[in-house]
Structure formats: C-alpha cells, structure tokens
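Below is one structure, written out as structure tokens; comments come after it.
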Amino acid sequence: MFLERDAFPRECNVRLDDRHSVHGEASSPTQGRRYTSYRNLLETVLTLLLLLPAVAVILIVAILVKLTSRGPFLYLQKRVGRHGQIYTLYKIRTMFHDCERLTGPRWATVQDPRITPVGRCLRRLHVDELPQLWNVLRGEMSLVGPRPERPEIAEHLERLIPRYRDRLAVRPGLTGLAQVQLPPDCDLASVRCKLAYDLYYVQHLCSSLDLRILLCTGCHLLGIPFAFSNRYLKLPSGKLVEQAYPGVLANGKVDLTMQVS
C-alpha cells in the first residue's frame, strides 16, 4: 500500500474552530467534563450487557474460522491508543494466517486477496470486531472514538498529515463519527477526511453525540442506510464539519511517495 501525493478532496477541505458544536452552537466545557467523569462507568455497564450475546456469537464464529482456514481464530494486533500508548487489539481473524509475512503492515483493500471467503462475510457484518469489547473492558478502547491505527502506519501518517496525533486525545473506539459515515482508509485523502471528523468528535465529545453514533451504528448493522437513519439522528457531517475548520489540514500537502510496509 502506498501513501501517494494527492489533492485534498473538496468535500474534505475541513477546518477547526472552537466556536462550533454538534448542533452548530458553542459547546460547554463543563458539560463535557461532567460527561467524561461518568463515561467509563456507563461504557462498562453497556459493554457487559453486549458481551452476553457476543460471547455466544464469538464461539460459533471461532469454530467456523477454524474449520475453514489454517491458524488461530483470534488475531492479535498492536494498535495506537490514547496519548500514543500501544496496546494489543483483539479481532477474529478474517485473513489467511501470516498473510503479511512478505508484504508487511498494509491497509486492507476492497477486493483484498488476503481475506478468506468466511472472513469477507464476517467483515461485512462487523462480527470480527466483537472481541474488541474486551479491549473496552480493559480501558484500552471506548465504544465510540476514532479508529485505532497500527503503529507502523500511524508513524508515517503523523509525519505526512498535520495534527494527526491530536486524534489520540481520547481512547479509540469500536465505532465513531468517521467510521459510520466514511469508507475504510485507502489513501492519504481518505485519512485526511476521517481526521477532520475525528478532531471534530474529540472537540465536541458529549453524551448526546455518543448516543447518536451508537444508534447510527446499530442501524447500519441492521442494514439501514446512513442517509435514512441520519434524517432522525442528525450526526454532524459534510458542511457542518467543513465549517468547523480554518484550513489547518488543507496545508498538509505531501511531496513524496512512501510505502507503508
């Protein structure tokens, strides 16, 4: 996978401004601090409730993975957490065992040949991410937050994109403002676009935003298109996120080609 020189997409020419909030009004720092003080307790309770049905699903999927491909059913991978701390992320394996032995770390692609037939189905249903509930219980992740990146890739992105590390002010999440609206990362343009949403989320973290992201994620898992669910949930996106930025990211042009491997 290559990180190539690219033009900043028009729809992602986003800017950061403290005056904006989720509803277009000034956010309250006091309200944000109050929410973060009891957020851990709420997440622990909700995660335990989600684990009850998740364990049964994980066991069934584990048998299916073991019967259809060689290797362990769990995939352990290093990720970058809050403030840059490295932790071990747990996922159900969806690729062939030891598939990066020759290529090194790289992003998955739409028709990635490394993904097994069963793994492709698990990814579509997001069942492979259920073991990350254990990461939430361990305090390494949150239910909602920026997508956790691999250290090898994050190191390159920090050098190429201004303010990339600012997204680490909060714990990474199972789902997030960027994840429910945008496709997986595939190049620098897509990373910049997601970073805009991540920074917006970090700055406007509140219970209302987290709840709507979780509901939107649930709708997505049920097959309800984002365009439909967002009519009622009204997540910040597009113009609202764009209006919240003064051009910091637009200056992050790349003058070199670099391979992430």
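Here the structure is a predicted model, which is why all the values come from computation and not from measurement.
Checked by atom type and distance alone, the side chain of Gln181 pairs as donor or acceptor with a backbone atom of Leu177 at under 3.5 Å. Put simply, the side chain of Glu149 never gets that close to the backbone of Val80: no donor and acceptor are under 3.5 Å apart. Between the Arg212 side chain and the Lys234 main chain, a donor and an acceptor come within less than 3.5 Å of each other. The main-chain N or O of Arg93 is never found under 3.5 Å from a side-chain atom of Asp128 such that the two would form a donor-acceptor pair. Put simply, the side chain of Ser142 never gets that close to the backbone of Pro172: no donor and acceptor are under 3.5 Å apart.
Residues Phe73 and Ile58 are in side-chain contact: their nearest non-hydrogen atoms beyond the backbone lie under 4.5 Å apart. In this structure, Asp210 and Tyr201 have side chains that are in contact, with non-hydrogen atoms separated by less than 4.5 Å.
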List the steps and the verdict of side chain to side chain contact (heavy atoms under 4.5 Å, CB included) for Arg167 and Lys194. CA-CA 10 Å; Arg167 67 200 292 275; Lys194 276 194 173 181; over 6 Å; no
Intermediate values then yes/no, side chain to side chain contact (heavy atoms under 4.5 Å, CB included), Leu160 and Val191: CA-CA 11 Å; Leu160 298 174; Val191 174; over 6 Å; no
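By the criterion of side-chain heavy atoms lying less than 4.5 angstrom apart, applied directly or through intervening Ile, Leu, Val, Met, Phe, Trp or Tyr residues, Leu221 is not grouped with Val61; the two fall into different hydrophobic clusters.
In the model, Gln77 has a side-chain atom that pairs as donor or acceptor with a side-chain atom of Tyr75 under 3.5 Å.
To the nearest 0.5 Å, atom CD of residue Gln85 and atom NE2 of residue His83 are 7.5 Å apart.
Under 4.0 Å is where a charged nitrogen must lie from a carboxylate oxygen, and between Asp198 and Arg147 no such pair does.
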